[in-house]
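Down below is the structure, laid out as structure tokens.
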Amino acid sequence: MSPSQPSAGSGPVSAEHVGTLSQFAALIPVAIGNALRARWASATTIGCVMLSVIVLCSFLAMSRGFYAAGDSAGSDRMAVMLGRQAPIEIESDIDPAEAVLLERAPGLSMLSTTSKVSPEVVVSVSRRAKGFAKRINSTLRGMRPEGLLLRERQGFKLVEGRVFRPGVYEMIVGRKLAERVSGLELGNKIVLSGKTWTVVGVFTMSNSLLESEYYADVQSVQTAFDRHNQYQSLYAWLEPGATLDGLRSFVEADPRFQVDVLTQRDLYRDQVEDTSNVIMYLGWPLAFVLTIGTFAGVLNTMLMVIEGRKRNLSVLMMLGFAPAAIRLAVLLETLLLTVTGALLGTLLMYLFVDGRAATIVGKYYATVEYTMKVDWSVLLNALGLAITVGLIGGAFSSLAIPSYRKTPASRSA
């Protein structure tokens, strides 16, 4: 490398900038070589960033996976009516007379020869998980035959046993639920709310989140859980071309309705959104605290590296390299190390965390199973963190480089 000697006169500012950038370009191989030669210092910097990125990616993967599970579970064609201002489905209360009134609503598909609506009773039940001492909260949904016909449009399929009978304490369970909860094998009997229920079937759905419920006869659930003369929700399927706004207008025009109208997708999205936000609110502050520690580690490491390179830096300045060009080279070296740490940390999370099943208690007090998700947005957040640490750490550490240019004359003096 043979950098050009600076001219004796002082050129224009723009020329100086061009000269600094050309010198910086010449120092890029030097910066890369320095990062490779300083193995322990480079490994320390990369390790600090990796730890912060792994913590950040863990929270982001949980939040993204949990939100994706809820967002993909529902349908925009399925209309749901909850009691007015009910925060969640379990706490909703709908008068049976409203289910009769809703049968006259336009734009709803016939679920059977006599009904367009599936009135449902929803309660939360808790059972012990297989192989663990912990308990899993799930939803027991009481419904009429129309409820199962409605679910057929979402891939409902009975894979074992038979459907529950009206007026009998029988239930069918989702396959995902049967895999996680003990005692849900076909033919087993379980006790819920003081009543003995028989598992008579196992079903699958198009989405695993929808397989985490118990289905039973609506009258049996009402009797067992003392929910007489009330429903928690009303479900219906919109005809092709019908809109939710049209159904909402029909409901709002009749003062006898005391319900809010939304889609099933909105219902599940609302279920996971608050919990997903809580994960983020906890994750980012923790990542920020770790980032401060990472910045301190990167800064101290780079300052020690610069201290050990004083002789080399003096030689570069004696050769005519501007201090600004050398500072940019140090900044580049720091950025290369922090970005490498971010890429390695994200790669580890992708290899060992992406696609891994996890559980969390959702808004309905139900234990929701979801898949952790490490995608491009997680990578971009990790790179943003690394670049921020690299820019700030590199900028501060480069201040240790003298601002004057050493020449042979100044050396002899």
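When reading the values below, keep in mind they use all heavy atoms of this one structure, side chains included, and skip hydrogens, waters and symmetry mates. All residue numbers refer to positions in the sequence shown, counting from 1.
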Take Leu140 and Glu213 through the test side-chain contact (heavy atoms from CB on, under 4.5 Å) and record every step on the way to the result.
CA-CA 6 Å; Leu140 170 58; Glu213 294 185 336; over 6 Å; no
Under 3.5 Å donor-acceptor, Thr346 side chain and Leu379 backbone
no
Are the side chains of Arg37 and Asn34 in touch, meaning some heavy atoms are under 4.5 Å apart?
yes
Could you go through Phe225 and Val121, starting from their C-alpha distance and side-chain angles, then the distance that decides it, and tell me whether this counts as side-chain contact (heavy atoms from CB on, under 4.5 Å)?
CA-CA 10 Å; Phe225 290 86; Val121 177; over 6 Å; no
Exercise: identify the closest heavy-atom pair between Ser92 and Gly83
OG-N, 2.6 Å
Can you confirm whether more than 12 heavy atoms, excluding those of Lys116, are under 6.0 Å from its NZ atom?
yes
Between Arg64 (side chain only) and Met372 (backbone N and O only), is there a donor and an acceptor less than 3.5 Å apart?
no
Taking Glu185 for its side chain and Ser182 for its backbone only, find out whether a donor-acceptor pair lies under 3.5 Å.
no
Side-chain contact, heavy-atom cut-off 4.5 Å: Asp226 with His228?
yes
Evaluate the side-chain proximity of Leu111 to Tyr235: yes if any heavy-atom separation is below 4.5 Å, no if none is.
no
Taking the side chain as every heavy atom from C-beta outward, state whether Leu344 and Thr340 have any atom pair closer than 4.5 Å.
yes
Greater than 12 external heavy atoms within 6.0 Å of Lys157's NZ:
no
Taking every heavy atom of Thr338 against every heavy atom of Val49, the minimum-distance pair comes out as O-CG1, 3.3 Å
Going from CG on Leu238 to CG on Asp76, what distance comes out if it is rounded to the nearest 0.5 angstrom?
9.5 Å
Go through the steps to decide whether Asp354 and Met349 satisfy the test side-chain contact (heavy atoms from CB on, under 4.5 Å), and finish with yes or no.
CA-CA 7 Å; Asp354 184 62; Met349 293 297 294; over 6 Å; no
Which atom pair, heavy atoms only, marks the closest approach of Ser212 to Ser138?
O-CB, 3.9 Å
Please check if the side chain of Glu120 supplies one atom and the backbone of Gly147 the other of a donor-acceptor pair under 3.5 Å.
no
Minimum heavy-atom separation for Thr294 and Cys48, please, with both atom names.
OG1-O, 3.5 Å
Show your reasoning for whether side-chain contact (heavy atoms from CB on, under 4.5 Å) applies to Val353 and Cys57.
CA-CA 9 Å; Val353 173; Cys57 287; over 6 Å; no
Decide yes or no on side-chain hydrogen bond (donor to acceptor under 3.5 Å, both in side chains) for Thr44 and Thr301, but give the supporting numbers first.
CA-CA 8 Å; Thr44 300; Thr301 302; 5.2 Å; no
Please determine if Arg84 and Glu98 form a salt bridge, counting it only when a charged side-chain N lies under 4.0 Å from a carboxylate O.
no
Sequence neighbours left out, what pairs pass ring-ring contact (aromatic ring centres under 6.0 Å, His included) with at least one residue falling in residues 154-187?
Phe156-Phe203, Tyr169-Trp197
Are side-chain heavy atoms of Leu336 and Glu333 found at a separation under 4.5 Å?
no
Without swapping roles, check the side chain of Gln258 against the backbone of Ile94 for a donor-acceptor pair under 3.5 Å.
no
Tell me whether Arg248 contacts the main-chain N or O of Val261 through its side chain, where contact means a donor paired with an acceptor under 3.5 Å.
yes
Can you tell me how far the CG atom of Leu82 sits from the CD atom of Glu91, to the nearest 0.5 Å?
11.0 Å
Can you confirm whether more than 12 heavy atoms, excluding those of Arg153, are under 6.0 Å from its CZ atom?
yes
Would you find a donor on one side and an acceptor on the other, under 3.5 Å apart, between the side chain of Arg356 and the backbone of Phe352?
yes
Is the NZ or CZ atom of Arg104 positioned over Phe250's six-membered ring, under 6.0 angstrom from the centre and within 45° of the axis?
no
Do Leu290 and Leu51 have side-chain heavy atoms sitting under 4.5 Å apart?
no
Any side-chain heavy atom of Leu150 sitting closer than 4.5 Å to one from Glu146?
no
Supply the atom-to-atom distance Met78 CE to Arg151 CZ, rounded to the nearest 0.5 angstrom.
5.5 Å
Salt bridge or not for Glu170 and Arg162, using N-O below 4.0 Å?
yes
dist Asn207:CG -> Ser75:OG (nearest 0.5 Å) comes out at 11.5 Å
Looking at every heavy atom in both Val163 and Leu158, which two are closest together, and how far apart are they?
N-CD2, 3.6 Å
Can any side-chain N or O of Ser220 pair as donor or acceptor with the backbone N or O of Val168 at less than 3.5 Å?
yes
If we check side-chain contact (heavy atoms from CB on, under 4.5 Å) with Ile172, which of these qualifies: Val159, Val199, Leu148, Val202?
Leu148
Could you report the tightest heavy-atom contact between Lys130 and Ala178, atom names first, then the distance?
NZ-O, 3.0 Å
Residues Asp375, Ser377; criterion side-chain hydrogen bond (donor to acceptor under 3.5 Å, both in side chains); working and verdict
CA-CA 6 Å; Asp375 56 11; Ser377 67; 2.7 Å; yes
Give a yes or no answer on whether the side chain of Ser63 reaches the backbone of Phe59 with a donor-acceptor pair at less than 3.5 Å.
no
Check for a donor-acceptor pair, side chain of Asp217 on one end and backbone N or O of Arg165 on the other, with a separation under 3.5 Å.
no
Can you measure from OG1 (Thr139) to OH (Tyr214) and round to the nearest 0.5 angstrom?
9.5 Å
OG1/Thr334 to CG/Leu391 distance, rounded to the nearest 0.5 angstrom?
9.5 Å
